[in-house]
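So the structure is just underneath, and the comments pick up after that.
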Protein chains: 2
Amino acid sequence: MSRILIIEDEEAIADLEKDYLELSGFEVEIRNRGDEGLQTAMSQEFDLIVLDLMLPGMDGFEICKKIREEKNIPIIMVSAKKDDIDKIRGLGLGADDYMTKPFSPSELVARVKAHMARYDRLVGSTQKNNDIIEIRGIRIDKTARRVMVDGVEKAFTGKEFDLLTFLAEHPNHVYTKEELFREIWDMDSIGDIATVTVHIKKIREKIEYDSAKPQYIETIWGVGYRFKV
Amino acid sequence: MSRILIIEDEEAIADLEKDYLELSGFEVEIRNRGDEGLQTAMSQEFDLIVLDLMLPGMDGFEICKKIREEKNIPIIMVSAKKDDIDKIRGLGLGADDYMTKPFSPSELVARVKAHMARYDRLVGSTQKNNDIIEIRGIRIDKTARRVMVDGVEKAFTGKEFDLLTFLAEHPNHVYTKEELFREIWDMDSIGDIATVTVHIKKIREKIEYDSAKPQYIETIWGVGYRFKV
DNA sequence: AGCATTTTATAAAATTTTTATAATCTGACT
DNA sequence: AGTCAGATTATAAAAATTTTATAAAATGCT
């Protein structure tokens, strides 16, 4: 469930926004003063903030700047004056969107959704879902230790799974066989690096359409391997 | 330097946008047809796309969807009809911004900058792109060991990559072939210096427009080479 | 035994180095 | 200034080396 913070002094407006957002399944908090709003934004976790410009206690400019110093979450700025909007945009203080009052609550909902979706697309995919890695046709469920290739489950042995997972968790990064060996096997074990090659081959047999032209695990000649994205 | 792709069939508009963006230090490519635009977007690396809705070859909806399947970069959609804008927004196909024609070029520039800044804020920070060397049209990603020349990826072998990277990391510094050899090959190996020459040639074939008039790796006669900046 | 893992041997592929030759530059000498 | 010799670099292609892919056998584990 996503949490939204509305910092807005006109209670009627704030309540209306809250109603609409809650109908769309969001959890909403309201603060009526600027200073309280900032304090709340900093001390709790929200997924998006709707921020009015004119506020008692502390104005929206200041709040936006302060939040941005600490957090990357989407901020939608709201103002009654079109001129103010242009001004903030010019200041470039990192708000993600700007709306002029009056606006329809459903437009707010639409924008909120769009910003959340983008944020997830950019950040959520890399940071959050640590359990499931999904890259193109491949889906790796870490806790269940299962791998699906184009919707079909393939059986992986322990080492194969660990190796594939490690590569997929660091897409595009090239690792030498030594690095992979140290990572998957024991840190200092002095086994033969050739076993990495063999495991790569086994993995490719399971995930690649044509093992000679790998789409996922690429060989970097003289260096190592990488999971291409 | 950031690269922007404009997909727009009205050449006058495209050129105007290009001029303004270039004045702000962006590198701009234009495509006049939808299908060509998509093809370019997929085969090269851009940091942002400005996409018109009505296009010959393939419409903006389709293009936006296709790009989103593969890439996360910001897309600004442009249309002459306000209604269309609402429609696309409703479709939620992942565009990052919407502008109605006519608009002032400076507003486009402002929005482009804002989107770039956000993208950097969200992605650049999490992905830690601090091992990327960028000089004029060349971008070297050290961990991924990839080289982009004007947005197009070129395949480099191990030694070629190491040599180019070393030179690019010390721009303008002139190195003798002996120094380069000691640096890239084993410190004391007494192999033939000629191999450095050959590798320089191979690199030039990949990054220089005209190998006879090198723009990047310059020959200092009787001394060695340097990466010119 | 049955499966996973590692080792080994050989084939195949790609890169690196060498070699030979052509082109270009520099400085000295007319 | 023009030209020539010597030195240096560019280019192309062949040879050598290195690295990886593959298959199969050996080992180890439960």
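Looking at the side chain of B:His199, the nearest of the listed nucleotides D:dT20, C:dT16, D:dT22 is C:dT16. Among the nucleotides C:dT6, D:dT19, D:dA21, the one closest to the side chain of A:Thr195 is C:dT6. When the nucleotides D:dT20, C:dT18, D:dA23 are ranked by their closest atom to the side chain of A:Lys201, D:dA23 comes out on top. Comparing C:dT19, D:dT9, C:dT8 by their closest approach to the side chain of A:Ala194 singles out C:dT8. Set against D:dA21, D:dA23, C:dT15, the side chain of A:Thr219 has D:dA21 as its closest nucleotide.
Within 4.0 Å of B:Val196, counting heavy atoms only, lies no atom of the nucleic acid at all.
Remark: C1' of C:dT16 and CG of B:Asp192 are 12 Å apart, rounded to the nearest angstrom. Between B:Ile203 atom CD1 and D:dA10 atom C1' there is a gap of 14 Å when expressed in whole angstrom units. Atoms CZ (B:Arg145) and C1' (C:dT15) sit 13 Å apart, rounded to a whole Å. Taking atom NZ of B:Lys202 as the reference point, atom P of C:dT18 lies 13 Å away to the nearest angstrom. The distance from atom CD1 of B:Ile200 to atom P of D:dA12 is 16 Å, rounded to the nearest whole Å. Look at CD on A:Glu218: it is 12 Å from P on C:dA14, rounded to the nearest Å. Atom CD1 in A:Ile217 sits about 10 Å away from atom P in D:dA21, given to the nearest Å. Atom CH2 of B:Trp221 and atom P of D:dT9 are 6 Å apart (whole Å).
Residue A:Thr157 has a polar side-chain atom (N or O) positioned under 4.0 Å from OP1 or OP2 of C:dT5. The phosphate of D:dT8 has neither OP1 nor OP2 within less than 4.0 Å of any side-chain N or O from B:Tyr225. For C:dT16, neither phosphate oxygen OP1 nor OP2 lies less than 4.0 angstrom from any side-chain nitrogen or oxygen of B:Trp185. OP1 and OP2 of D:dT11 both lie 4.0 Å or more from every side-chain N or O belonging to B:Arg204.
Put simply, the side chain of A:Arg118 never gets that close to the backbone of A:Pro74: no donor and acceptor are under 3.5 Å apart. The backbone N or O of B:Thr176 lies less than 3.5 Å from a partner atom in the side chain of B:Glu179, making a donor-acceptor pair. Looking at B:Asp97, its side chain never comes within 3.5 Å of a backbone N or O of B:Ile75 through a donor-acceptor pair.
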Verdict with reasoning, A:Leu180 to A:Leu163, per side-chain contact (heavy atoms from CB on, under 4.5 Å): CA-CA 8 Å; A:Leu180 293 173; A:Leu163 183 52; 4.1 Å; yes
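For the pair B:Arg146 and B:Lys154, the minimum side-chain heavy-atom distance is 4.5 Å or more. At least one side-chain heavy atom of B:Met116 sits under 4.5 Å from a side-chain heavy atom of B:Phe26. A:Ile49 places none of its side-chain heavy atoms less than 4.5 Å from the side chain of A:Ile4.
In summary, the side chains of B:Gln44 and B:Arg3 do present a donor paired with an acceptor at a separation below 3.5 Å, with no hydrogens or angles considered.
Scanning residues 158-180 of chain B for heavy-atom distances under 4.0 Å to DNA chain C yields B:Gly158, B:Lys159.
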